[in-house]
There are 2 protein chains.
Amino acid sequence: MATPKDLPQDIGTFIRDLRQTAKISLRQLADKAGVSNPYLSQIERGLRKPSAEVLQQIASALRVSTPAMYLRAGLLDGEGQQGVLAAIAVDPELTIAQKQSLTQIYETFRNENARNAPPASEAETPSPDAESAPRTTPIAEETK
Amino acid sequence: MATPKDLPQDIGTFIRDLRQTAKISLRQLADKAGVSNPYLSQIERGLRKPSAEVLQQIASALRVSTPAMYLRAGLLDGEGQQGVLAAIAVDPELTIAQKQSLTQIYETFRNENARNAPPASEAETPSPDAESAPRTTPIAEETK
DNA sequence: GCGTTTTGCTTGCAAGAGCTAGCACTCCGC
DNA sequence: GCGGAGTGCTAGCTCTTGCAAGCAAAACGC
């Protein structure tokens with residue numbers, strides 16, 4: 001497994017930024033997320049690499065979507081094409097057949113567009129990051 | 001952390017099913033995924049609970065989307081309705097017209113499912129298993 | 001000043017992830 | 001029969017994750 005040193009500080013910094021934006025202490029977030037506060041401290045400082053479950057718990061406590069947290073941690077890709085297929089795959093409202101149909105239609109569309117050779121400049125969308133941030137609802141925790 | 005015993009066997013069974021559908025041996029998949037074959041064996045039998053990174057590697061080797069794998073492992077929720085529409089909206093590979101078409105098809109499907117008000121017994125379909133499998137391109141590995 | 005509370009961090013440990021070395025078994029060709 | 005190749009698994013090991021116990025410093029109220 002990759003050592004925490006190989007991991008960009010992003011996820012730790014990301015979590016600390018969100019926490020500070022929400023104006024809650026490390027202990028408050030740890031309690032809310034159900035992880036120990038020393039461990040959360042280590043995560044924020046990049047000394048430990050949290051599992052997906054821990055990330056999920058922290059995301060929930062910070063009211064950030066799990067995929068956004070995973071994206072930041074490098075556990076999910078931010079490519080838009082994967083996003084649609086992924087979303088279709090996880091949609092509980094679709095039957096299997098419908099998922100297959102949508103996937104095929106989607107891929108047909110993409111093939112058409114590839115044939116038309118769309119401008120490369122449009123392929124680079126930094127939007128995933130920008131989307132994650134505004135989705136965070138600041139949590140003003142009262143002092144205990 | 002939850003012990004593997006608490007984890008449904010689903011992810012291990014899921015991986016084994018996909019692997020067998022792809023007609024590759026445990027060793028071939030392990031090599032391809034970059035994990036040790038004993039460990040993959042343990043994962044398949046539910047004796048170990050793999051990290052998200054390992055799941056990602058296995059997903060890639062089996063040509064399954066990472067989110068689908070995570071979903072199965074309980075690392076992602078199946079909240080899809082928002083996800084699909086949002087993903088379509090941000091997909092850089094789709095034209096406006098295509099986005100509209102996909103959106104309409106998606107909503108038609110959902111309306112059909114809502115109208116059918118599927119019996120609760122049918123709503124719980126193990127078919128998601130079968131749905132994921134046919135989307136995997138069978139990998140016929142040559143014997144080394 | 002004091003004591004108390006809050007804050008973030010250090011340290012040592014247990015449990016679990018993931019590995020290597022190797023085993024037992026099956027199948028095949030000679 | 002044999003050996004070789006392929007298969008899935010066992011066992012012991014190292015390292016990492018996440019924790020509990022506790023520390024040092026800052027903030028606060030008296």
Side-chain angles (χ1 to χ4, degrees), chain A residues 1-7 9 11-13 15-62 69-70 73-75 139-144, chain B residues 1-7 9 11-13 15-62 69-70 73-75 139-144:
Chain A
M1 284 179 55
T3 62
K5 302 291 166 64
D6 297 336
L7 197 66
Q9 291 274 354
I11 190 61
T13 307
I15 289 168
R16 179 163 287 190
D17 286 349
L18 290 173
R19 174 171 69 78
Q20 290 172 339
T21 299
K23 294 183 168 32
I24 59 174
S25 72
L26 186 140
R27 271 199 168 120
Q28 288 169 338
L29 177 59
D31 287 345
K32 197 167 182 184
V35 303
S36 71
N37 73 75
Y39 187 54
L40 180 58
S41 172
Q42 288 169 330
I43 292 167
E44 289 192 349
R45 289 172 291 130
L47 298 185
R48 288 283 196 272
K49 178 175 173 298
S51 66
E53 283 84 4
V54 170
L55 285 176
Q56 203 173 20
Q57 288 169 307
I58 293 170
S60 177
L62 285 171
M69 184 68 83
Y70 286 173
L75 300 181
I139 310 166
E141 285 288 333
E142 292 181 5
T143 313
K144 297 184 179 180
Chain B
M1 283 179 58
T3 63
K5 303 291 166 60
D6 298 337
L7 199 67
Q9 293 273 351
I11 188 62
T13 307
I15 288 168
R16 180 163 284 188
D17 286 349
L18 289 174
R19 175 173 68 80
Q20 289 172 343
T21 298
K23 295 181 168 33
I24 60 174
S25 71
L26 186 142
R27 270 196 169 122
Q28 288 169 336
L29 177 58
D31 287 344
K32 198 167 182 188
V35 302
S36 71
N37 73 75
Y39 187 54
L40 180 59
S41 173
Q42 287 169 333
I43 292 167
E44 288 192 352
R45 288 174 289 134
L47 298 184
R48 287 283 199 271
K49 176 174 173 296
S51 67
E53 284 84 2
V54 170
L55 285 175
Q56 204 173 18
Q57 289 169 307
I58 294 170
S60 177
L62 285 171
M69 183 69 83
Y70 285 174
L75 299 182
I139 310 165
E141 288 288 331
E142 292 182 5
T143 314
K144 300 185 179 181

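Every chain is numbered from 1, with letters handed out A, B, ... down the list of sequences.
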*Using a 4.5 Å cut-off on heavy atoms from C-beta on, say whether the side chain of B:Leu62 contacts that of B:Thr21.*
no

*Report yes if at least one side-chain N or O of B:Ser25 is closer than 4.0 Å to OP1 or OP2 of D:dG6; otherwise report no.*
no

*For the pair made of CG in A:Leu47 and P in C:dG12, what is the distance, rounded to whole Å?*
15 Å

*asked:* What contact category does B:Ser36 fall into here, base, sugar-phosphate, or nothing, at under 4.0 angstrom with non-hydrogen atoms?
replied: base

*Would you please name every residue forming a side-chain contact (heavy atoms from CB on, under 4.5 Å) with B:Arg27, sequence neighbours left out?*
B:Ser25, B:Asn37

*Counting side-chain heavy atoms from CB outward, which of C:dG18, C:dC19, C:dT20 is closest to B:Val54?*
C:dG18

At a cut-off of 3.5 Å, list every protein nitrogen or oxygen paired with a nitrogen or oxygen from nucleotides 23-28 of chain D, distance to 0.1 Å.
none

_Rounded interatomic separation in angstrom, taking OH from B:Tyr39 and P from D:dT10_ = 15 Å

*asked:* What is the distance, to the nearest angstrom, from the CD atom on A:Glu44 to the P atom on C:dG8?
replied: 8 Å

_Contact summary for A:Pro50 and A:Leu55, nearest pair of heavy atoms_ = CG-CD2, 3.7 Å

*Calculate the interatomic distance between B:Asp31 atom CG and D:dA5 atom P; express it in whole Å.*
16 Å

_Proximity to the side chain of B:Pro38 - top-ranked nucleotide from D:dT10, C:dG8, C:dA17_ = D:dT10

*Within a strict 4.5 Å, meaning less than it, do heavy atoms of the B:Leu18 and B:Ile58 side chains meet?*
no

*May I ask you to evaluate whether A:Arg48 reaches the phosphate of C:dT11, defined as a side-chain N or O under 4.0 Å from OP1 or OP2?*
no

*Is A:Arg16 near enough to C:dC9 that one of its side-chain N or O atoms lies under 4.0 angstrom from OP1 or OP2?*
yes

*So, is B:Ser41 near the phosphate of D:dG8, with a side-chain N or O under 4.0 Å from OP1 or OP2?*
no

*Compare every heavy atom of B:Leu26 with every heavy atom of B:Arg16, then report the nearest pair and how far apart it is.*
NH2-CD1, 4.4 Å

_If you assign each of B:Ala52 and A:Asn37 to its closest nucleotide in DNA chain C, which residue comes earlier from the 5' end?_
A:Asn37

*asked:* Just the rounded figure in Å: distance from P of D:dT17 to CG of A:Leu75.
replied: 12 Å

*Determine the minimum heavy-atom distance between B:Ala52 and A:Ala52, stating which atoms define it.*
CB-CB, 3.9 Å

_Between C:dG8 (P) and A:Ile43 (CD1): distance, integer Å_ = 14 Å

_Under the side-chain contact (heavy atoms from CB on, under 4.5 Å) test, residues paired with A:Ser36 that sit two or more places apart_ = A:Pro38, A:Tyr39

*B:Gln42 CD to D:dC13 C1', straight-line distance once rounded to whole Å*: 13 Å

_Tell me the interatomic distance from B:Leu29, atom CG, to D:dG6, atom C1', rounded to whole angstroms._
16 Å

